[in-house]
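Worksheet for the structure shown next.
In each ligand, atom 1 is the first atom listed, and ligand 1 is the first ligand listed. Given the structure is predicted, the values throughout are model-derived calculations rather than measurements.
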Amino acid sequence: MIYFDSAASYPLLDDVKQDMLCSNDILFANPSSSHQLGVESSEIIEHSRQLIADAINALPSEIIFTSGATESNNLAIKGHFSQPDYQSKKHIIISAYEHKCVHAITDFLVRTSGVSVSVVKPNCDGIVSSQAVSELIRPETSLVSVMHVNNELGTVNPLKEIGQLCYEHNIRFHTDAAQSFMKKMMDVDELNIDYLSISAHKIGGPKGVGAIYIRERRNLMLEPVIHGAGQEDGLRGGTLATVLIKAFGKAIDSFPRNYAHIIEQDFKCHLITLLRDLNVPYIVNGHSIPSLLSVTLPDTDVQSLMRSTQDQFSLAVGSACSSKEIEASHVLTSIGLDRTTADKTLRLSFHHGNEYTDIEQLAVEIKKYTH
Ligand SMILES: *Cc1c(COP(=O)(O)O)cnc(C)c1O
């Protein structure tokens, strides 16, 4: 099976897998226990915390471990609005193409907490401009949530400008950085970020662990999403997942080498060149990061291609099966694609194990279904 879906989940890196196999045997103690094994587990967790902090120029005390980016987004947004300071400032601006979980969280807050939401549209190139955000600011706006790299388009948002805008208006700035962490330079001070969400399984780590950065956390009065026995300074209950957190650290260490290989191979350019040589019409959606390509194939029967190659490739198409009917991706419609065009749009996301022959096989199959 040729895997072209690393943006959904990146394959577990070999180094990380080895690390997990060893640590499963030794890191069984509860990291909150005060005996020696507990302390050893706790030190390992603090090492991973330091690695995350260093990667984004933050302090370890500002990093909280969670189960992944979904939970981090919950803690950032629900936590923010739980603070007494913001009871009269219940307006949030989010972008239209945020991950589904951000929409679900704000829908919940609208229903239950009197929060109001304004949605900023990306432009047709898939970018959310600070200008577009600024037009939606109100006196009661206290939070802006705009993702760093979009997960279906791979486009990169101008966080520095948006961060600056938020700073000038005394608005907190949250970014979902699940798709950009360890791929794009990230300095929370330079970008003026207050809350930042990341996940291990998007960089070759295990599923089920992530983290959130919270600026000057100790001065805030955030309510936890998961109440517990005081772990993570009371902000996230539950015994810390030592093995997963150690593996997260290992992934931070190993991912850059693997990502450098993807950049060097330039799979994106290779596929586009092949499509051009094979006379397959294509439209590239947005200027994306090296590991991701969103491409619309107007003259290709994408549904048949998907059906007949399902044993051969793992790829994502621009429609998501919801419970009853198939709906066009909210990301693609947000940049102006209609349902038919979205259905002809593939999201290809590469990993270090892909080879040129994988790309060639895909191009040949695409050609077969193009009239
Ligand atoms: C994958 C992803 C998430 C969800 O992360 P989990 O760790 O699986 O909860 C959230 N946001 C973006 C942009 C993602 O790509």
task = Identify whether the distance between the nearest side-chain nitrogen and carboxylate oxygen of Arg257 and Asp15 falls below 4.0 Å.
result =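 A salt bridge links Arg257 with Asp15.
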
key: Subset of ligand 1 atoms that lie under 4.0 Å from at least one heavy atom of His201   =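 In order of numbering, the contacting atoms are 6 (P), 7 (O), 8 (O).
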
inquiry  = If the cut-off is 4.0 Å to any non-hydrogen atom of Met147, which atoms of ligand 1 fall inside it?
reply    =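 Those qualifying, in numeric order: 13 (C).
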
inquiry  = Tell me the nearest of Asp176, Thr66, Val209 to atom 12 (C) of ligand 1, using heavy-atom distances.
reply    =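 The option holding the nearest heavy atom is Asp176.
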
query = So is there a nitrogen or oxygen of Asn151 less than 3.5 Å from a nitrogen or oxygen in ligand 1?
reply =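 Looking only at distances, the answer is no, because the N/O contact criterion of under 3.5 Å is not met.
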
Looking only at heavy atoms, is any part of [X] under 4.0 Å from ligand 1, and if so is it the side chain, the backbone, or both, or is it neither?
{"X": "Lys202", "result": "side chain"}
{"X": "Ala69", "result": "both"}
{"X": "Glu71", "result": "neither"}

query = For residues Thr296 and Thr345, is any side-chain donor paired with an opposing acceptor at under 3.5 Å?
reply =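 A donor-acceptor contact under 3.5 Å links the two side chains.
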
ask   = Does a donor on one side chain and an acceptor on the other come within less than 3.5 Å for Ser329 and Glu152?
value =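 On atom types as modelled, these side chains qualify, holding a pair under 3.5 Å.
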
Member of Phe255, Tyr3, Phe4 meeting the ring-ring contact (aromatic ring centres under 6.0 Å, His included) criterion with Tyr10 =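 Testing each of Phe255, Tyr3, Phe4 against Tyr10, the sole residue satisfying ring-ring contact (aromatic ring centres under 6.0 Å, His included) is Phe255.
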
key: Common cluster, Ile127/Leu165, ILVMFWY with side-chain heavy-atom separation under 4.5 Å   =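 Different clusters: Ile127 never reaches Leu165 through Ile, Leu, Val, Met, Phe, Trp or Tyr contacts under 4.5 Å.
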
ask   = Considering the options Lys250, Gln18, Lys246, which one meets the side chain to side chain contact (heavy atoms under 4.5 Å, CB included) requirement together with Ser23?
value =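 Between Ser23 and the candidates, side chain to side chain contact (heavy atoms under 4.5 Å, CB included) is satisfied uniquely by Lys246.
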
inquiry  = Against Ile94, only a single residue in Thr106, Ile105, Val133 fulfils side chain to side chain contact (heavy atoms under 4.5 Å, CB included); can you say which?
reply    =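 With Ile94 as partner, Thr106, Ile105, Val133 yield a single side chain to side chain contact (heavy atoms under 4.5 Å, CB included), made by Thr106.
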
query = Identify the closest protein heavy atom to atom 4 (C) of ligand 1: which residue and atom is it, and at what distance?
reply =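 Heavy-atom neighbour on the protein nearest atom 4 (C) of ligand 1: Thr70 OG1, 3.5 Å.
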
For atom 7 (O) of ligand 1, the protein heavy atom that lies nearest, with its residue and separation =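 Sorting protein heavy atoms by distance from atom 7 (O) of ligand 1 puts Ser199 OG, 2.6 Å first.
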
